[in-house]
Every structure is written in structure tokens, then in C-alpha cells.
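Written below as C-alpha cells is the structure these notes are about.
Both ligands and their constituent atoms are indexed starting at 1 by order of listing.
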Amino acid sequence: MAEDASPLNPPLAGLEMDRKADEPCTIVIFGASGDLTVRKLIPALFHLYEEGQMPESFRVVGFARREKTDESWRAEMREGLERYSRTKTVDDAQWEQFAANLAYHQGDLTDAEAYVDLAARLKEYGDERLANNLVFYLAISPSLFGEVVDQLHAATLLRRCEEGDSFWQRIVVEKPFGHDLQSARLLNNHLLRHARERQIFRIDHYLGKETVQNIMMFRFSNAIFEQLWSREAIEHVQITVSETVGVGSRGGYFEESGTMRDMMQNHLLQILSLVAMEPPPSLAAEDVRNEKVKALKSIRAMTPENVAQQVVRGQYFAGTVNGKNCSGYRQEEKVNPESNVETYVALKLFIDNWRWSGVPFYLRTGKNLPLRASEVRVQFRPTPNVLFAAQGDLDLMPNALTLRLQPDEGISLRFNGKVPGNSISSRPVRMHFGYDSEFGAYTPEAYERLLLEAMAGDATLFIRRDEVETAWQIVDDIRAAWGGQPLTNHEFYAAGTWGPVAAEDLLAQDGYTWHDPQPAL
Ligand code: BG6
């Protein structure tokens, strides 16, 4: 209950529901010597520990093939923390206490003995909750997901949990979850042999971002916006996720994936589902995910003709991003010099339901663009042009709401204001909300929230089976229409530009332009 406003309880104090993972558990990280572990997972767990959000008793076991001792792995993790942690400084005493819970388990993922040894090791902790409440984090190649789950099951480390069981096991899987609908289905079937759906936590790290979570808070706790949130008032929606990085050392992976599968299938469609979903009956995981799936299922299926008109792909060639020379995609390491893989996609889609009928949603994402920014831009319908039009060429802009997801997190509303003076002239002006100025600089990393939720057993921020499969269906239809067709000249863009010209045309034919994100002020 909110208390009365007083100097100690300022009127804008928010509703707080602090989360903590209560039950003692062990997190086993498969892929413990990989990048994700040192850059994201261990820093996230350490910050949760510092914030007092880890369970009172916990262990983190890193499982990987390389020879290491507990000590050498801890030292590596400590070094990584200094390099990658969001706080940069590490409190020695806190680290020592935290690190006492870290252990390294050397083993081959395909070796049954390694799992038997792991089970024995967990028993040695002498607390059956640490030996049986288990989060298995698969930070490994997706081709090994099935193998690991089989092995865990064989070593009796993983069981299909029933309601009311004393202990639980959960599997956290990193993307990519399959490379098309068929492979995703096979993978789902495989995982579900040994675990129930509610034990599987499929990651989309965008859902761990504060600003992405805020989409629901913003929509469903503010009457003024929710009442406008439909075809009645909204003319179109743009979702942009732009990156200034190229594919770097990930050329090999990218050749197999491309932007459609790497970004659109997951992050952009996830953002879209949150923007478009109906209010769920509650915040329970199944209620929220039911609504997200319904939104995705309402996306109008793309025929090859639609794809030709509504989807633009692109690939960067050499250029300059922020004053830095970048080579073209075809010249990147481990990339075929004649590759037709896309590093950019823009598309227009429709959500055929009551709320959104006829409202175009434009989504775009690409590598080596001029600015790193993710935002949702909602453009409202214009006012009838009957009053001020008579005053000559007043440049009245439609209202627009921008949810800036990263960086420079915040929300802006654009409206027309009268320029002070004796004549009638107008100018678009803005109302701003910035996370930094409102809440200070503290923004937890996506992985902190996601790990916490996995330990707490709340799957709201994870992707359900039908969600991942529906998203693949959308992407598969588009990729099938592309077939093996090579890129044409107008599908290339210079690194450091906003993508191929065809992407501008996609909006121009509807009378709109892309709103390019702006650098922070
Ligand atoms: C990953 C993609 O899922 O998301 C990368 O595989 C991409 O290609 C990254 O760079 C972007 O994430 P963020 O959090 O930096 O916007």
C-alpha cells in the first residue's frame, strides 16, 4: 500500500516489489569457459549477490572441457568482472564471499561420467536443496542442447517436475533456439522429453531490459495512453533496432543466420508483441505469454508477393561508422566473398485483429548503421486540418510518442506548440522522461533480471514454446520467398548509413519517413 506523501515519502515514490530468489539452489553453467559466462553471467550473479537478491545458500558450478581448477576459474571470473561489470569497481570482501560459492567442473559434454561426477559433487554440498534445486544454464552451441539434456536425465539430475514436488530443475537456453520452425520444433520435442514446458526458460535478453519491461507498465498503468492505443488514434508504428557494430569475429555464425534470424525472429518480434498485445488478465507468466502469442498469431501471413513489396533486405559494404573505416560484410573474416546473407532488414506488417486492423507496423534492424539505438515510435493520426490551415503554411506535425529502449533510455512525446509572438506560428515541441534524471544511473543488466527470474521460477520474461514457433513461422515465410536469390545492387548500403534506399521507399510509398533515432543530448 502506498503511504501518504510526506518529505520521506515523496509523492512520486513508486510501487516497489523487490524480488529475491528464496530457495537455495545450484546454477550449473554449461559453457563455463565461454564469452557469455565471463562477460554477462558471472557479473550478473555477482551483482545480484551484492544487492542481496541471491538465495541465502547457493552454488555456481562452471562446467566445461578445459582443464582448470576452482581457483583458476575463480581468478578468471574475477578478472572478467573488472573488465565487464557495469560497476567497474569490485569490492574485494564481497567478491571473496561470493567466490567461495563458485566451483569448476571439468568434463566433456558428451561424456556420461562427467555428469555422474557432477551429481556426486552436488551431493557433497551436504544440503539436499543445493543438490536437487538446479538451474542448468546452456551457454553452449545449440547443436548440443539435446545431448546435454539427455545426459542430465540419464544421470538423474533432471526430472520432469510435478506440481508440489519438493525440488525443481530448470533449463535455461540461450538463443538461437532453432534455425527455422522445423528445427525449433524438433528441439522443443527433445527438451520436452525430460522436462515440462514450465521448466524450460528460453532466453531473449531483450526481455531482461528494463525499458522493454516498461512497455507493459507504460501501457497498462497509464489511462491516457492506453485509451489511444489502437487503430482509432494510431496511424502507424515504427520499431528500430540499429547497431553500429558489424559482424566482427562472428562472421561464421552470421553466415548461417543473417539478420532475419539473428534479430528479427526474436528481439524485434518480442518488442512488437509487447507493443501490440491485449491487456492480460493477470501478470502470471501464462497470462502474459498467452496475449503475446495471440498478437504474434494475428500477424498477417506473408505471401511471396507481400514479401516482394513489404520486406527489404540489405548488406553493408565498406564505409565509415562514427569516423571509423569499416570493411564490407563480404570482406569480413569467415564470410563468403560472394555472400548474399542480409545484415539489414526492414519490413512492413499488419496485425489483423480488432485493435490494429489497417495499422502498418514498420520494423527495421541492421548492423553498421550510424547510431546504436533501439526505439519504438508510435505516430498518431493527424488532427483535422480545418483551423490552423487557414493561417498559411503552418507545419503541423502529427503527435508522436517515442519509447527509447537504449541507450539514453526514456520516453518522449511530440506535440505542436505555438511559437511565442504576435503571429500564429507553430513548432513541434517535446515532453521528455529520462531514466537517468528520474531514477539515477542504476540500471541492472538484462542478465541480472533473467537469472533472478529463472531462480525464482517465474517464466514471464522467457519465451514459451508456441511463441518461439510462431515467430519462426513468420520468419520462415519471408526467407522462403527470398529463396536463394542473390542480392541486387539496390540492396547494398554503405556502412555508416541508415540502410538501403529501398527501405526509405518502403515508407515513402505510404507517405511516411523513418524516424531515425537521435544521439543523446
Ligand atoms: C544478439 C545478436 O542477440 O543481440 C547480436 O546475436 C546483437 O548480433 C545483439 O549484436 C544486440 O544486443 P544489444 O543488447 O547489444 O542490443
Side-chain angles (χ1 to χ4, degrees), residues 31 34-37 39-41 43-44 84-86 137-142 172-179 184 201-215 239-272 274 313-316 321-322 326 329 332-335 339 341-345 363-376 403-409 435 443-451 461-463 467-468 471-472 475 495 499 517 519-520:
D35 238 24
L36 187 75
T37 305
R39 279 173 186 260
K40 299 285 184 193
L41 303 184
Y84 304 117
S85 132
R86 64 177 161 79
Y137 199 112
L138 308 190
I140 49 176
S141 157
V172 183
V173 270
E174 271 295 330
K175 71 172 263 269
F177 195 90
H179 53 267
F201 291 67
R202 298 176 193 79
I203 289 225
D204 182 316
H205 77 279
Y206 266 57
L207 295 185
K209 294 183 193 267
E210 274 295 334
T211 46
V212 173
Q213 289 159 30
N214 190 44
I215 297 174
I239 299 176
T240 296
V241 175
S242 61
E243 297 189 274
T244 47
V245 290
V247 298
S249 58
R250 298 165 77 220
Y253 157 76
F254 219 77
E255 281 286 275
E256 296 297 315
S257 114
T259 291
M260 196 68 189
R261 300 199 262 207
D262 183 51
M263 298 291 288
M264 194 59 86
Q265 189 271 347
N266 36 77
H267 309 324
L268 279 94
L269 288 180
Q270 281 299 314
I271 297 171
L272 173 72
L274 290 166
R313 57 184 178 158
Q315 188 192 88
Y316 62 83
V321 180
N322 294 332
C326 306
Y329 177 70
E332 302 275 18
E333 214 180 294
K334 302 205 191 115
V335 169
S339 173
V341 167
E342 77 288 353
T343 59
Y344 176 98
V345 178
L363 279 57
R364 66 172 168 170
T365 179
K367 302 243 181 256
N368 266 339
L369 302 186
L371 193 76
R372 173 174 180 262
S374 300
E375 66 174 45
V376 177
L403 309 181
R404 292 191 311 278
L405 306 179
Q406 67 178 24
D408 186 27
E409 292 82 357
Y435 272 75
T443 312
E445 285 249 9
Y447 277 94
E448 291 174 39
R449 182 68 196 267
L450 295 175
L451 281 160
L461 301 180
F462 296 83
I463 315 291
E467 227 173 330
V468 79
W472 274 124
V475 164

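- Cation-pi geometry between Arg202 and Phe177 is satisfied (NZ or CZ under 6.0 Å from the ring centre, within 45° of the ring normal).
- Contact atoms of ligand 1 toward His267: 1 (C), 3 (O), 4 (O) (distance under 4.0 Å to a heavy atom of the residue).
- For the 3.5 Å distance criterion, the side chains of Thr244 and Arg372 fail to qualify, holding no donor opposite an acceptor.
- For ligand 1 and Lys367, the ligand atoms under 4.0 Å from any heavy atom of the residue are 5 (C), 7 (C), 8 (O), 10 (O).
- Side-chain atoms of Asp262 and Tyr253 include a donor-acceptor pair closer than 3.5 Å.
- Near Met263, the atoms of ligand 1 lying under 4.0 angstrom from a non-hydrogen atom of the residue are 2 (C), 4 (O), 7 (C).
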Any chance you could lay out the side chain to side chain donor-acceptor pair (under 3.5 Å) test for Glu332 and Tyr316, step after step, and finish with the verdict?
CA-CA 11 Å; Glu332 302 275 18; Tyr316 62 83; 2.6 Å; yes
One pair to check against side chain to side chain donor-acceptor pair (under 3.5 Å): Tyr435 and Asp408. What are the steps and the verdict?
CA-CA 8 Å; Tyr435 272 75; Asp408 186 27; over 6 Å; no
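- Regarding atom 6 (O) of ligand 1, its nearest protein heavy-atom neighbour is Asp262 OD1, 2.6 Å.
- For atom 14 (O) of ligand 1, the closest heavy atom belonging to the protein is Lys209 NZ, 2.6 Å.
- If you number the atoms of ligand 1 from 1 as listed, the ones under 4.0 Å from a heavy atom of Lys175 come out as 1 (C), 2 (C), 3 (O), 6 (O).
- Remark: minimum distance from atom 11 (C) of ligand 1 to any protein heavy atom is reached at Glu243 OE2, 3.5 Å.
- Using a 4.0 Å heavy-atom cutoff, Phe254 is absent from the residues neighbouring ligand 1.
- No donor-acceptor contact under 3.5 angstrom links the side chains of Thr211 and Gln406, judged on distance only.
- With hydrogens left out, the protein atom closest to atom 15 (O) of ligand 1 is Arg372 NH2, 3.7 Å, a heavy atom.
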Report the C-alpha separation of Gln270 and Glu467 in whole Å, then their side-chain angles, then the decisive distance to 0.1 Å, and conclude whether the side chain to side chain donor-acceptor pair (under 3.5 Å) test is met.
CA-CA 9 Å; Gln270 281 299 314; Glu467 227 173 330; 3.3 Å; yes
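- Among protein heavy atoms, atom 5 (C) of ligand 1 sits closest to Arg250 NH1, 3.4 Å.
- Among protein heavy atoms, atom 16 (O) of ligand 1 sits closest to Tyr206 OH, 2.5 Å.
- Note on ring orientation: taking the six-membered ring where Trp is involved, the planes of Tyr447 and Tyr137 are tilted (angle from 30° to 60°).
- At the shortest separation from atom 12 (O) of ligand 1 among protein heavy atoms lies His205 NE2, 3.1 Å.
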